[in-house]
Amino acid sequence: MNFSGKTVVVTGGTRGIGRAVSLAFAFAGAAVFAAYLQDDAAADRLNEEAIGGSGTITTVKADVSSQAGATLLIDTAAAATGAIDVLVNNAGIIRDGYLAMMADSDWEAVLHTNLSPLFHCCKWGIRKMMAKRSGVIVNISSIAGISGTAGQTNYSATKGAIISFSKSLAREIGPMGIRVNVVAPGMIATDMTAGLRQELVSKVVQGSALGRIGQPEEVAAAVLFLASDQAAYITGQTLVVDGGIV
Ligand code: NDP
């Protein structure tokens, strides 16, 4: 796929799935702006990995759960051409625990980090897209938002909300030529899943149709498809990339 001349914004774009998405767009020719929260070393590594691609990656340290961070990211990305062609809302966290024992802070942190960037980045991003009457948004949900996961009520609540948010926004801005879709990954090999109980990861993976964990690049491929003109007539949809877990 060719994204030459396109400006692409990826939140949480320096590690895991976001890193793979950033690299895939950059190697397809895009000017990528990858936001991250705190891990400067991961951002530096990504900058090195992007060398040799036909596009570019600019890392932006910005907490996209705040309006200030989101506008910094969007304005930085739009500075060159005034436009944003693709916005990938990928930043997210887990704070797992059974509901009866869940700390208020774990509930609030997950809702805030997983949903506020969606509000702020879409709000400021679509203002740029509306001016051009074109653009694509891909939001990263999870199969937890479709089928639910014990120990993840906070996370599942946000991931389900991402799907319904995206359906509503797709109806709202479709008439302006802007598409909104969702990718819902299953169990993907990143730092996030490395922090889970590995017997739980194995159990889920072994119960899937393909019987293996997914790779970030396999999620990135779905994101690029939905962002491309190949998906020009697809909006408001959720593409599950889970090796057959759901
Ligand atoms: P990682 O934990 O590997 O990476 C998360 C990235 O998000 C990092 O770059 C991190 O920055 C960034 N980030 C977190 N909070 C913020 C913030 N407030 N502002 C800016 N950047 C932020 O996550 P994954 O790659 O595993 O997950 C990516 C997305 O995919 C998440 O939304 C997750 O819910 C979803 N997902 C993941 C699955 C999996 O199996 N891994 C399965 C289903 C969905 P920093 O490096 O500075 O910390």
Side-chain angles (χ1 to χ4, degrees), residues 9-24 32-47 57 59-74 76 88-96 108-121 138-149 152 154-163 165-166 182-198 200-202 204-205 208 212-220 222-223 238-243 245-246:
V9 172
V10 185
T11 71
T14 56
R15 284 197 291 121
I17 292 170
R19 170 188 160 276
V21 170
S22 297
L23 283 170
V32 177
F33 292 81
Y36 69 103
L37 186 62
Q38 60 193 357
D39 190 339
D40 298 321
D44 291 345
R45 276 196 302 277
L46 180 66
N47 285 317
I57 296 182
T59 51
V60 182
K61 192 172 189 174
D63 179 354
V64 292
S65 64
S66 72
Q67 182 182 309
T71 52
L72 171 72
L73 173 65
I74 299 293
T76 303
V88 182
N89 286 295
N90 164 77
I93 59 166
I94 48 174
R95 293 282 185 278
D96 294 354
E108 280 153 18
V110 170
L111 261 65
H112 180 66
T113 303
N114 293 3
L115 291 180
S116 295
L118 203 63
F119 169 65
H120 294 304
C121 292
V138 181
N139 296 324
I140 306 300
S141 173
S142 163
I143 56 169
I146 296 172
S147 52
T149 314
Q152 289 193 323
N154 50 359
Y155 182 75
S156 303
T158 65
K159 293 301 180 179
I162 287 170
I163 294 172
F165 173 99
S166 303
V182 175
V183 169
M187 196 65 85
I188 310 298
T190 70
D191 294 343
M192 185 181 276
T193 45
L196 297 175
R197 278 201 349 263
Q198 290 310 297
L200 174 74
V201 173
S202 299
V204 172
V205 165
S208 70
R212 66 170 176 85
I213 196 163
Q215 296 304 316
E217 292 73 18
E218 294 172 308
V219 180
V223 173
T238 298
L239 180 53
V240 174
V241 183
D242 74 341
I245 297 172
V246 169

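Fair warning: this is a prediction, and the values are worked out from it, not measured in the lab. Counting starts at 1 for both ligands and their atoms, in listed order.
Summary of contacts: the protein heavy atom closest to atom 10 (C) of ligand 1 is Arg15 NH2, 3.9 Å. Ranking protein heavy atoms by distance to atom 47 (O) of ligand 1, first place goes to Gln38 N, 2.6 Å. If you check which protein heavy atom lies closest to atom 23 (O) of ligand 1, you get Met192 CE, 3.8 Å. The protein atom (non-hydrogen) at minimum distance from atom 19 (N) of ligand 1 is Val64 N, 3.2 Å. Closest protein heavy atom to atom 25 (O) of ligand 1: Ile17 N, 2.8 Å. Of all protein heavy atoms, the one closest to atom 12 (C) of ligand 1 is Gly12 CA, 3.4 Å. Scanning all protein heavy atoms for the shortest distance to atom 33 (C) of ligand 1 gives Tyr155 OH, 3.5 Å. Annotation: atom 40 (O) of ligand 1 to nearest protein heavy atom, Ile188 N, 2.8 Å.
Contacts between Thr190 and ligand 1 below 4.0 angstrom, taking non-hydrogen atoms only, involve the side chain exclusively. Contacts between Ile94 and ligand 1 below 4.0 angstrom, taking non-hydrogen atoms only, are absent altogether. Of the heavy atoms in Lys159, only side-chain atoms (C-beta onward) come closer than 4.0 Å to ligand 1. Under 4.0 Å from ligand 1, heavy atoms of Pro185 appear from its side chain as well as its backbone.
Distances shorter than 4.0 angstrom occur between a heavy atom of Thr14 and an atom of ligand 1. Residue contacts with ligand 1 include Gly186, since one or more of its heavy atoms lies under 4.0 Å from the ligand.
Within the 3.5 Å criterion, the main-chain N or O of Ala91 finds a donor-acceptor partner in the side chain of Thr11. Listed for the Ser66 side chain is a donor-acceptor partner under 3.5 Å among the backbone atoms of Asp63. Judged purely by atom type and a 3.5 angstrom limit, Asn90 has no side-chain atom pairing as donor or acceptor with the backbone of Ile140. A distance-only check finds no donor-acceptor pair linking the side chain of Asn139 to the backbone of Ile163 [under 3.5 Å]. Side-chain atoms of Ser141 come within 3.5 Å of backbone N or O of Lys159 as a donor-acceptor pair. A distance-only check finds a donor-acceptor pair linking the side chain of Ser22 to the backbone of Gly13 [under 3.5 Å].
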Between Arg15 and Thr190, does the side-chain contact (heavy atoms from CB on, under 4.5 Å) criterion hold? Intermediate values first, please.
CA-CA 8 Å; Arg15 284 197 291 121; Thr190 70; over 6 Å; no

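On a distance-only criterion, Ile93 and ligand 1 share no N/O pair closer than 3.5 Å. Checked by distance only, ligand 1 and Thr113 stay at 3.5 Å or farther apart across all their nitrogen or oxygen atoms.
Among Ser141, Gly92, Gly16, the residue whose heavy atom sits closest to atom 44 (C) of ligand 1 is Ser141. The residue among Asn139, Thr193, Asn89, Asn90 with a heavy atom at the shortest distance from atom 32 (O) of ligand 1 is Asn90. For atom 20 (C) of ligand 1, the nearest non-hydrogen atom from the set Ala20, Ala62, Ser66, Gly145 comes from Ala62.
Of all heavy-atom pairs spanning Leu196 and Val201, the tightest one is CB-CG2, 3.9 Å.
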